[in-house]
Amino acid sequence: MIKLFKVKEKQRELAENSNGKPPPKKQSAGELRLHKDISELNLPKTCSISFPNSKDDLMNFEVTIRPDDGYYLGGTFTFTFQISSIYPHEAPKVKCKTKVYHPNIDLEGNVCLNILREDWKPVLNINTIIYGLYHLFTEPNHEDPLNREAAAVLRDNPKMFESNVRRAMAGGYVGQTFFTRCI
């Protein structure tokens, strides 16, 4: 018969004798899965990941995307990722820090990407999300917009849309909205 109290006592003793260091913090299942996802990242050369709060805080990080094709060529767009402790059963919270004229990203940085909402499944991972975000820049979707004005311009007048994107990325006004330079 296993003596549970002896096992617990032995663990406590080992923790106390670890040279005055506190016992290591247990990782949640979400942290373990995220660690695996990050270690297996296969990012395109136009994307990078950083940990502004240090590598000790894996649950909050930033991804920078520099599209090499399409309307947003030459721009730099930063997204924040907040991962809950129940990841992958809940999709990460993703926001765009860079104010961008885009049909699928509103002016507050909310992102319209189906895999972050109704199509999220625990088999998806961080790599999938990053590729999805990258795809938004190479193929913006006017059929599922958050920024309805930008979507209408993309649908009705692609040349005007391209001009608006260039103006916004260069740091200027599109309509009444000012965009900070991101190229």
Query raised in the report: Checking side chain to side chain contact (heavy atoms under 4.5 Å, CB included) for the pair Val111/Leu136: CA distance, chi angles, key distance, verdict?
Result: CA-CA 10 Å; Val111 178; Leu136 284 181; 3.8 Å; yes
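Cluster membership check: Leu41 shares its hydrophobic cluster with Leu58, using side-chain heavy-atom separations under 4.5 Å among Ile, Leu, Val, Met, Phe, Trp and Tyr. At a threshold of 4.5 Å between side-chain heavy atoms, the hydrophobic network of Ile, Leu, Val, Met, Phe, Trp and Tyr places Leu116 and Ile105 in one connected group.
Ser48 places a side-chain heavy atom less than 4.5 Å from the side chain of Arg66. Contact annotation: the side chain of Cys47 never approaches that of Tyr131 to less than 4.5 Å [non-hydrogen atoms, C-beta and beyond]. Between Val165 and Phe179, the closest side-chain pair of non-hydrogen atoms is not below 4.5 Å. Side-chain contact between Val63 and Leu133 is absent, with no heavy-atom pair separated by less than 4.5 Å. Within the 4.5 Å cutoff, no side-chain heavy atoms of Tyr87 are placed close to those of Ser28. Contact check for Phe51 versus Ile38: side-chain heavy atoms found under the 4.5 Å cut-off.
One finds the CG atom of Leu43 at 4.5 Å from the CD1 atom of Ile130 (value rounded to the nearest 0.5 Å). Note that CZ of Phe79 and CD1 of Ile129 are 11.5 Å apart. Values are rounded to the nearest 0.5 Å. Here Asp106 contributes atom CG and Lys95 contributes atom NZ; the two are 7.0 Å apart, rounded to the nearest 0.5 Å. Note that CD1 of Ile126 is 4.0 Å distant from CD1 of Ile83, once rounded to the nearest 0.5 Å. Between Asp37 atom CG and Leu32 atom CG the span is 11.0 Å, to the nearest 0.5 Å. With rounding to the nearest 0.5 Å, the separation of OG in Ser85 from CE in Met59 is 6.0 Å.
Counted by atom type alone, Asn141 and Asp144 present zero donor-acceptor pairs between their side chains at under 3.5 Å. A side-chain donor-acceptor contact under 3.5 Å links Asp68 and Tyr134. Defined by atom type and a distance below 3.5 Å, a donor-acceptor pair is present between the side-chain atoms of Asn125 and Thr128.
Arg166 and Tyr72 make their closest contact through NH2-C, 4.3 Å (heavy atoms, listed as atom of the first residue, atom of the second, distance). For the residue pair Pro145 and Asn104, the shortest heavy atom distance occurs at CA-ND2, 4.2 Å. Smallest separation of non-hydrogen atoms from Thr78 and Thr64: OG1-OG1, 3.5 Å. Closest approach of Arg117 to Cys112, counting heavy atoms only: NH1-SG, 3.5 Å. For the pair Met169 and Phe77, the tightest heavy-atom approach, listed with the atom from each and the gap, is SD-CZ, 4.0 Å. Counting all heavy atoms, side chain and backbone alike, Ala150 lies closest to His102 at CB-C, 3.9 Å.
Using bins of under 30°, 30° to 60° and over 60° for the plane-to-plane angle, the ring pair Phe61/Phe81 lands in the parallel bin.
Although no hydrogens or angles enter the test, the distance criterion places a donor-acceptor pair under 3.5 Å between the side chain of Lys99 and the main chain of Phe178. Formation of a donor-acceptor pair under 3.5 Å by the Trp120 side chain with backbone atoms of Pro88 is found in this model. Remark: side-chain polar atoms of Asp119 are not paired, donor with acceptor, to backbone N or O of Asn114 under 3.5 angstrom. Judged by distance alone, with hydrogens and angles left aside, the side-chain atoms of Thr98 form no donor-acceptor pair with the main-chain N or O of Val100 at under 3.5 Å.
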